[in-house]
Structures are given as C-alpha cells and as structure tokens.
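If you read the sequence from its start, that first residue is 1, and numbering goes on from there. This is a predicted model, so every value here is computed, not measured.
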Amino acid sequence: MLSLPAALCLFATGCERHAKSETYYLIANNLGVPYWKTVVSGFDRAATAYGVTDQVDGPNNYDVQAELQALTKAVAAKPAGILISVSDPVVLEPQIDSAIEAGIPVVTVDSDAPGIHRLFFVGTNNLEAGRLGGQRAVEKLGDKGNVVFFSMPGQPNLDERLKGYQDVFSAHPGVKVIDVINIKGDSGNAFDRAQQYLAETGPKKIDAFICLESSSAKDVAEALKRQNATDRLLIAMDVDQDTLNLIKAGVIEATVAQKPYTMGYYGLISLDEVHHYPPKSLQADFSSDSFSPYPEFVDTGTALVDKSNVDSYIRSAAEAQKK
C-alpha cells in the first residue's frame, strides 16, 4: 500500500518535480508553545516527503511586530510559498499583499483574515469550536453561572471562538460573561487574574473559566489547585501534554482539540500545488469566483476531549513522539 506522500506524488505528476531549492515559509507568533511545535512538525514532515526546503520564522512569544518582520524577510527571499497565521490583519495585510503582488502564493493557517488577498485558509472552523465548548459549558453549569474568558482580543481565530461561545450562551440567559481577559501573550497573566477572580464570593463568584488559546489553561488550573477550587469549571483549548494530564486528573473538565499537525502538513502541500500549477493571476478574487480552483476554507476538524476519551489522545501523542 502506498503511503499518503507517495500517493500524492503519483497524482501530482511525480516527486521529481521537486528540488531542495524550492523553499516554503511558515510564519507565526508564539512559536515556543507546544501547539506551534506540532504545526511545525507537520510542516517539516511534508517538506521531507516532497524533498523541498522549509523555513519557520516568527517570535517565540506573542509579538505582532516581530511576526511582521519575519513576514517581510520571507517576502524578500522570494520563496515558493508562504503559510502564515494572521495575528493582526491590519498590521500584516500590506506585506501579505506585497507577497501576492510579487507572485508568491500565500495561504493562511490557524488564524485567518478573509478580507485580505490570501488564497485560502487551512485550519479550524473556530466559530464551531467555540460552539462546541459552549455546549459543554452550559451542560456543566446547568444553564446558570458567571463565566470569565482568557483570550487575546483582536486575534481573528480567538475572536471567532468567543463568538461561538456567545452564540450558545445567548440561548441561556442564566449564563453571564463577566470578563474577557487579555492575557497579552503571557499565560502568567491568566494565573494572576484567575487568582483574583477566585477571591470573589456571593453573586460575584466566578463559576467557569474558559481558555480560548492553548497556553493559559495550565496556569488557570494551577490557580484552581492552589485554592482547592474543585467547584469551578475549567474548559481549555488544544491538546498539549499538560492539558491532557490535567483532564485525566479531573482539574480541566474538557478541551476543544484542533489538528495542528494536519494544518502544517496540508498547508505545505497546498502551497506546493499552487506553486507548480499556478492560476493566471494570484490577485484574482477567488472568494467570489464560483469556478475558483481553490476552496475558501479547508476545515481540518475539531473534537471535544474529556475523561471519556483522553486516554486515546495521550496514546496518540506518545506514538507521535516515537516517530
């Protein structure tokens, strides 16, 4: 049986079309967190399978200007394609437009900005991810409670997840959103604010803490453990090892899982296809073209992980580390 990379090569006229001089860039923020390391591993694996070169650039923390600098460098290098997570559409749009004008294919990953001239988006349906988490929150709260979110307002994917939760909560007026905390790219801020909110009692008591990005859940969990706050609900995002262990331990109720490895892998092979079979113009508005060769959005999938299925995710992570 052919492996997926081998099969893809056969359908795409043969892997001999590739060369190490063919370079693809992945640009993102927060590259130091486990989530992005998983995206990079998928990107690397696809590059190895296709025999091309991949470059990863961007800050290890959350720094929009540093991501802009990384994107500017990538555009100047004139690569075969750029895969980018859009942390701030306003800041990054001019350079994304510059890439497209220079004939460099740009595909967004993880965080989209559909108003800009990218070809399409590979990642999670973040609105549905929020709704998935919202349904679990309502179920566990029994239709009533005060909720605090941890996020980075202005980042498109996180804003969409928040809207998904709000969509669900709108049908349950007993569930009230008290605050949306901007962690500013530092999960330590989530720990500090969680401790402050845990001190609230009576009608101001916070019943649920919900994390819209991957790094803050472990810090909020630590605050809950220190206060022995076993009566509070904590819902996380993503499936790094700390989160999975905390679900198994019963500190985190559930997390919404994405497929970051798939995003990186499919992102590179999508760019490769565009590079070798380019459209007449990259500047065309493919989103409004019923005969576009590209989808608007490639949904890589989501799932809810809790105690009932966490062991399978732990096994999967362990197997991936062995490869």
Undergrad: List for me each residue that meets ring-ring contact (aromatic ring centres under 6.0 Å, His included) alongside His276, sequence neighbours excluded, and say none if there are none.
TA: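 So His276 forms a ring-ring contact (aromatic ring centres under 6.0 Å, His included) with His18.
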Undergrad: With no hydrogens and no angle check, just 3.5 Å: does a side-chain donor-acceptor pair link Asp179 and Tyr197?
TA: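 Side-chain D/A pair, Asp179 to Tyr197: present.
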Undergrad: Applying side-chain hydrogen bond (donor to acceptor under 3.5 Å, both in side chains) between Asp110 and each of Asn157, Asn126, Asn29, report the one that passes.
TA: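 Of all the options given, the one that passes is Asn157.
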Undergrad: Hey, quick one: are Trp36 and Tyr24 part of the same hydrophobic cluster, counting side-chain heavy atoms closer than 4.5 Å, chains of contacts allowed?
TA: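 Cluster IDs for Trp36 and Tyr24 match.
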Undergrad: Say you draw a straight line from CG of Asp311 to OG of Ser316; how long is it, rounded to the nearest 0.5 Å?
TA: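 Here the rounded value is 12.5 Å.
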Undergrad: So, Glu296 versus Ser287: side-chain donor-acceptor pair below 3.5 Å or not?
TA: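 Judged by distance alone, the side chains do not pair up.
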Undergrad: Decide yes or no on side chain to side chain contact (heavy atoms under 4.5 Å, CB included) for Phe169 and Val147, but give the supporting numbers first.
TA: CA-CA 10 Å; Phe169 292 171; Val147 178; 4.3 Å; yes
Undergrad: For the pair Asp299 and Lys259, find out whether any cationic side-chain nitrogen is under 4.0 Å from an anionic carboxylate oxygen.
TA: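 Salt bridge between Asp299 and Lys259, a charged N being under 4.0 Å from a carboxylate O: no.
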Undergrad: Check step by step if side chain to side chain contact (heavy atoms under 4.5 Å, CB included) holds for Phe43 and Val56.
TA: CA-CA 9 Å; Phe43 197 68; Val56 179; 4.3 Å; yes
Undergrad: Any side-chain heavy atom of Glu213 within less than 4.5 Å of one from Tyr62?
TA: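 In short, these two side chains do not touch, never coming nearer than 4.5 Å.
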Undergrad: Answer yes or no: does atom NE2 of His117 have more than 12 heavy-atom neighbours from other residues, nucleotides or ligands under 6.0 Å?
TA: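 Incorrect, the count does not exceed 12.
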Undergrad: Is there side-chain contact between Asp272 and Glu22, with heavy atoms separated by less than 4.5 Å?
TA: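 Yes, at least one pair of side-chain atoms sits under 4.5 Å.
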Undergrad: Tell me, yes or no, whether the heavy-atom count around Lys205 atom NZ, taken from other residues, nucleotides or ligands under 6.0 Å, exceeds 12.
TA: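 Above 12, so yes.
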Undergrad: Classify the side-chain pair Asp219/Ser216 by whether it contains a donor and acceptor separated by less than 3.5 Å.
TA: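 Note: Asp219 and Ser216 side chains miss the donor-acceptor criterion.
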Undergrad: Kindly indicate whether the side chain of Ile181, heavy atoms from C-beta on, has any atom under 4.5 Å from the side chain of Asn189.
TA: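 They are not in contact (no side-chain heavy atoms under 4.5 Å apart), so the answer is no.
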Undergrad: Starting from Tyr35, can I reach Ile314 by hopping between I/L/V/M/F/W/Y residues whose side chains sit under 4.5 Å apart?
TA: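 Yes, Ile314 connects to Tyr35 through the hydrophobic network.
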Undergrad: Determine yes or no for a side-chain-to-main-chain donor-acceptor pair under 3.5 angstrom, with Ser292 supplying the side chain and Asp289 the backbone.
TA: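 Here the side-chain-to-backbone pair does not exist.
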Undergrad: Hey, mind stepping through Asp88 and Glu93 against side chain to side chain contact (heavy atoms under 4.5 Å, CB included) and telling me if it holds?
TA: CA-CA 8 Å; Asp88 188 320; Glu93 180 176 5; over 6 Å; no
Undergrad: Is there a side chain to side chain donor-acceptor pair (under 3.5 Å) between Gln55 and Thr53? Walk through the geometry before answering.
TA: CA-CA 7 Å; Gln55 296 284 342; Thr53 299; over 6 Å; no
Undergrad: Would you find more than 12 non-hydrogen atoms of other residues, nucleotides or ligands less than 6.0 Å from Phe120 atom CZ?
TA: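 It does: Phe120 CZ has more than 12 such atoms within range.
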Undergrad: Report yes if some heavy atom in the side chain of Leu271 is under 4.5 Å from a heavy atom in the side chain of Val274; otherwise report no.
TA: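 Contact flag for Leu271/Val274 side chains = no.
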Undergrad: Among side-chain atoms of Gln258 and Thr124, is any donor-acceptor pair under 3.5 angstrom?
TA: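 Yes - a donor-acceptor pair under 3.5 Å links their side chains.
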Undergrad: Yes or no on side chain to side chain contact (heavy atoms under 4.5 Å, CB included) for Ser312 and Asn309, after CA distance, side-chain angles and deciding distance?
TA: CA-CA 6 Å; Ser312 67; Asn309 59 354; 4.2 Å; yes
Undergrad: Between the side chain of Asn125 and the main-chain N/O of Glu128, is any donor-acceptor distance below 3.5 Å?
TA: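 Yes: the side chain of Asn125 pairs with the backbone of Glu128.
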